Amino acid sequence: MDPYSLSVEREASKNIEENERECFKDAIVSSRSLNKNFVESTNIRSAFRQISACFIAASFHIVVGLSMAYSAILVPHLEAKDAEIPATKKESAWIASVVVLFVPVGAVLSGFLMETVGRLKTLQIGAIPCIVGWALIASSSNLSMLLVGRLLAGISCAMGSSPAIVYITEVARPDLRGSMISFGPTLASFGMLLSYLKGAYIHWRLVAWLSIIYAVVPIILIQFFVPESPVWLVSKGRVDDARKSLEW
């Protein structure tokens, strides 16, 4: 074959491959998970994998619930006459409310990180201030440590919950999406219930140490068992990775 014909064949092959990639991108970005008119045939294996991935992504909501309800355990101990770390009513109010006050900070950070490093990586990064915060609370010797620990827990609440909802929206099939999005609030409520139950029988420091488990386990499960959102992968030009994520 002469050089001219060879170059034409290569160019044609390249154009075909690029067209296939563009078609694949369009299919993902318009997205089966975002298309209201798309109905996927029932497939138990596929549904189970989607449910598992979404449940794991939403599992960080348990520690969010723990963070929100923990003040109900902590404040009575701080205001007791024989408290290890005595606090006034005003100081207790700050420790209880600082979590909610710093949730917007975590929301802004998670919005930036979700587009930069991905949905699941943002979840994993969000677990870092959570772990540090609970460790500070559990080992605190003064009110400042408690306050900083609660502050970090507040930041991680948004960094762990927002990416999970976005991820579920992008990967869940339409007929299951509503149910899967409900994983987040349900697990957060479960975390609050856990906090109250533990507080009734366990010392507040031990409750804080145990809460770290609910931040570490999702990191491990996400790292080894859950694929990144194909929508985000395509937006970053990682089409082959997106295809693998869809085939998972």
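In what follows, every heavy atom counts, from backbone to side chain, and hydrogens, waters and symmetry copies are set aside. Because the structure is a prediction, the values reported are computed rather than measured.
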Just do the side-chain contact (heavy atoms from CB on, under 4.5 Å) check on S141 and I85 with the steps written out, would you? CA-CA 7 Å; S141 57; I85 306 174; 5.7 Å; no
Please determine whether side-chain contact (heavy atoms from CB on, under 4.5 Å) holds for the pair R150 and S71, giving the CA-CA distance in whole Å, both sets of side-chain angles, and the decisive distance to 0.1 Å. CA-CA 9 Å; R150 294 283 289 165; S71 58; 3.6 Å; yes
Could you check S52 against F225 for side-chain contact (heavy atoms from CB on, under 4.5 Å), going step by step and ending with a plain yes or no? CA-CA 9 Å; S52 299; F225 300 108; over 6 Å; no
Applying side-chain contact (heavy atoms from CB on, under 4.5 Å) to V226 and L221, what does each step give before you reach the verdict? CA-CA 7 Å; V226 182; L221 294 177; 5.6 Å; no
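Linking ILVMFWY residues whenever their side-chain heavy atoms come closer than 4.5 Å, directly or via other members, leaves V166 and V231 in distinct clusters. At a threshold of 4.5 Å between side-chain heavy atoms, the hydrophobic network of Ile, Leu, Val, Met, Phe, Trp and Tyr places L66 and I220 in one connected group. No single ILVMFWY cluster, assembled from side-chain heavy atoms under 4.5 Å apart, contains both V64 and M192. Criterion: ILVMFWY side-chain heavy atoms under 4.5 Å apart, direct or through other members. Under it, L193 and V217 are not part of a common hydrophobic cluster. If you chain together hydrophobic residues whose side chains sit under 4.5 Å apart, I213 and F190 fall into the same group.
For the pair H77 (side chain) and L74 (backbone), a donor-acceptor distance under 3.5 Å is absent. Not a single donor-acceptor pair under 3.5 Å links the side chain of S110 to the backbone N or O of M159. Looking only at distances, a side-chain donor or acceptor of K236 sits under 3.5 Å from a matching main-chain atom of E115. A distance-only check finds no donor-acceptor pair linking the side chain of S195 to the backbone of G191 [under 3.5 Å]. One N or O on the side chain of Y70 and one on the backbone of W204 form a donor-acceptor pair closer than 3.5 Å. Remark: the backbone N or O of A135 is not paired with any side-chain donor or acceptor of W209 at under 3.5 angstrom. Between the R205 side chain and the S140 main chain, a donor and an acceptor come within less than 3.5 Å of each other. Between the side chain of T88 and the main chain of E91, a donor-acceptor pair closer than 3.5 Å is present.
Sorted by first and then second residue, the ring pair (Phe, Tyr, Trp, His ring centres under 6.0 Å) pairs with a member in residues 97-117 form an empty list; sequence neighbours excluded.
The two atoms that bring A242 and V234 nearest to each other are CB-CG2, 3.5 Å, heavy atoms only. The heavy-atom pair separating M114 from W232 by the smallest distance is O-NE1, 3.3 Å. Nearest heavy-atom pair, I125 versus P129, reported as atom, atom and distance to 0.1 Å: O-CD, 3.2 Å. The two residues S156 and F60 have their closest heavy-atom pair at O-CE2, 3.5 Å. Shown here for A58 and F183, the closest heavy-atom pair between the two residues is CB-CB, 3.7 Å. The minimum heavy-atom distance between A87 and S92, with the atom names listed, is CB-OG, 3.8 Å.
The distance from atom CG of L147 to atom CG of L136, rounded to the nearest 0.5 Å, is 11.0 Å. T116 OG1 to L109 CG: the interatomic distance, rounded to the nearest 0.5 Å, is 11.0 Å. Note that the CD atom of E170 and the OG atom of S235 stand 8.0 Å from one another [nearest 0.5 Å]. The CZ atom of R119 sits 9.0 Å away from atom CG of L233, with the distance rounded to the nearest 0.5 Å. To the nearest 0.5 Å, atom CD1 of residue I168 and atom OG of residue S229 are 11.5 Å apart. Between the SG atom of C54 and the CZ atom of R173 there is a distance of 11.0 Å, given to the nearest 0.5 Å.
The side-chain heavy atoms of L123 and Y167, taken from C-beta on, include no pair separated by under 4.5 Å. Between V99 and C157 there is a side-chain heavy-atom pair separated by less than 4.5 Å. Between S59 and Y214, the closest side-chain pair of non-hydrogen atoms is not below 4.5 Å. For the pair M145/V148, no side-chain contact is recorded, criterion being any heavy-atom separation below 4.5 Å from C-beta on. When side chains are defined from C-beta on, I131 counts as touching I219, because their heavy atoms get closer than 4.5 Å. Contact of the L146 side chain with the L78 side chain is registered, since non-hydrogen atoms from C-beta on lie closer than 4.5 Å. M68 places a side-chain heavy atom less than 4.5 Å from the side chain of V100.
With no hydrogens or angles considered, no side-chain donor-acceptor pair links E228 and S245 at under 3.5 Å.
Of the candidates L151, I137, L143, I95 forms a side-chain contact (heavy atoms from CB on, under 4.5 Å) with just one, namely L143.
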